[in-house]
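Right, one structure below, let's go through it.
Note: hydrogens, waters and symmetry copies are ignored here, and every other heavy atom, side chains too, is used.
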Amino acid sequence: FHFRLGDYDEAERLVRHRLDLAPPDSPDAARAWNNLGLIYHFRADLDTAETMLRRALDIDTRIGHDEGIARDLGNLALIPESRGDLDTALAQYQQAAATTGELLRRDPDQAQRIFDHAQSVFWVGQIAWQRGDADVAKTHFTQYHDYARQLVALDPANDDWQMELNYGLSNLGTLAMDQGDFAAAEQHFKEALDVSRALSDNQPGDAGRLITTGTSLAWLADAVMRQGKLTQARDLRLEEIALYEHWLATRAADANVRQLMADARYRLAQIHLAMGRLDEAQESALLATQIADDLLAADLGNIGRVDRA
């Protein structure tokens, strides 16, 4: 919980307490070292993170804990990836995928096995994409999507599995956009939007789900705009903006959603400009600029805010 909130000091304190209680060579000890490694990775202390993640891998290897080995290998790959060493990262993600694949082969209908292997497959595809290998990326993104559908089929009421499906569809849509297949991207993003809307309806106060829905609307708007469907793109951006306005009406200080609002306003201005609606374009651009300036004033050290402003 504290880790997700970015409170790494408290997260570390709790994990070290867990480590003190765990037998030295046990799955609990390995998981604790793994979690410490992730904390230090997010602190950008990569050398310390790598040392801790390797301690987790050493423990899991000694005790023959295959699930832990797969987890440790996948998280270790974050280190070379963060250093820009994509070849090493890919090799480590592939090693993790081989392990999760074998576990899935032994127990093909177990949801956690499917989920774990899906994550490994995704990261192989993600690194392949970063290396410019679109064919390998598409193969693995498609597999990840298919595993997500399998999870949903096993338990349609599980929102976590539905979210995996949203991610799978969004990945395929993003890859299609990158390859210039905007019609295919539109279909993927439409399906992703249907999933994200249902998830938001289940928990309307969840910021993460709101952002997922907004992102789905944004990607779909981009896909239809690239096909020249300007009216449809405009309507989707207006729906996205209305979503953020409703949220901010009672949460005005939410900087993440305000940033998304600025981005949506800016994109709407581009659509109005393409439609020849100069007044509307100027109005939307000014609103985007005002939001971006306000965010920058409240966080002058944030390079992302400077770039947006």
Under the side-chain hydrogen bond (donor to acceptor under 3.5 Å, both in side chains) criterion, do Q150 and E164 qualify, and how do the steps go?
-> CA-CA 10 Å; Q150 188 177 351; E164 288 297 308; over 6 Å; no

Applying ring-ring contact (aromatic ring centres under 6.0 Å, His included) to Y144 and not counting sequence neighbours gives F122

Set of residues satisfying ring-ring contact (aromatic ring centres under 6.0 Å, His included) with respect to Y167, sequence neighbours excluded | none

Kindly give the cluster partners of L57, where membership spreads through any ILVMFWY side chain lying under 4.5 Å from a current member.
-> L46, L53, I69, L73, L76, I79

Sequence neighbours left out, what passes ring-ring contact (aromatic ring centres under 6.0 Å, His included) with H188? Give chain and number order.
-> none

For W123, what residues pass the ring-ring contact (aromatic ring centres under 6.0 Å, His included) criterion, not counting sequence neighbours?
-> Y93

For T100, side chain to side chain donor-acceptor pair (under 3.5 Å) partners two or more places apart | H117, S120

Linking Ile, Leu, Val, Met, Phe, Trp and Tyr through side-chain heavy atoms less than 4.5 Å apart, which residues share a cluster with L286?
-> none

Please, which pairs that meet salt bridge (Lys or Arg N to Asp or Glu O under 4.0 Å) have at least one residue in residues 244-262, sequence neighbours excluded?
-> E245-R265

In the hydrophobic clustering (ILVMFWY, side-chain contacts below 4.5 Å, transitive), which residues join Y266, or is it alone?
-> none

Tell me, which pairs form a salt bridge (Lys or Arg N to Asp or Glu O under 4.0 Å) where one or both residues lie in residues 18-33, sequence neighbours left out?
-> R18-D28, D25-R62

What pairs of residues pass the salt bridge (Lys or Arg N to Asp or Glu O under 4.0 Å) test when at least one of them lies in residues 35-54, not counting sequence neighbours?
-> D9-R43, E12-R43, D47-R83, E50-R54, E50-R83

Any pair with a residue in residues 267-282 that passes salt bridge (Lys or Arg N to Asp or Glu O under 4.0 Å), sequence neighbours left out, goes on the list, sorted by first then second residue, please.
-> R277-E280

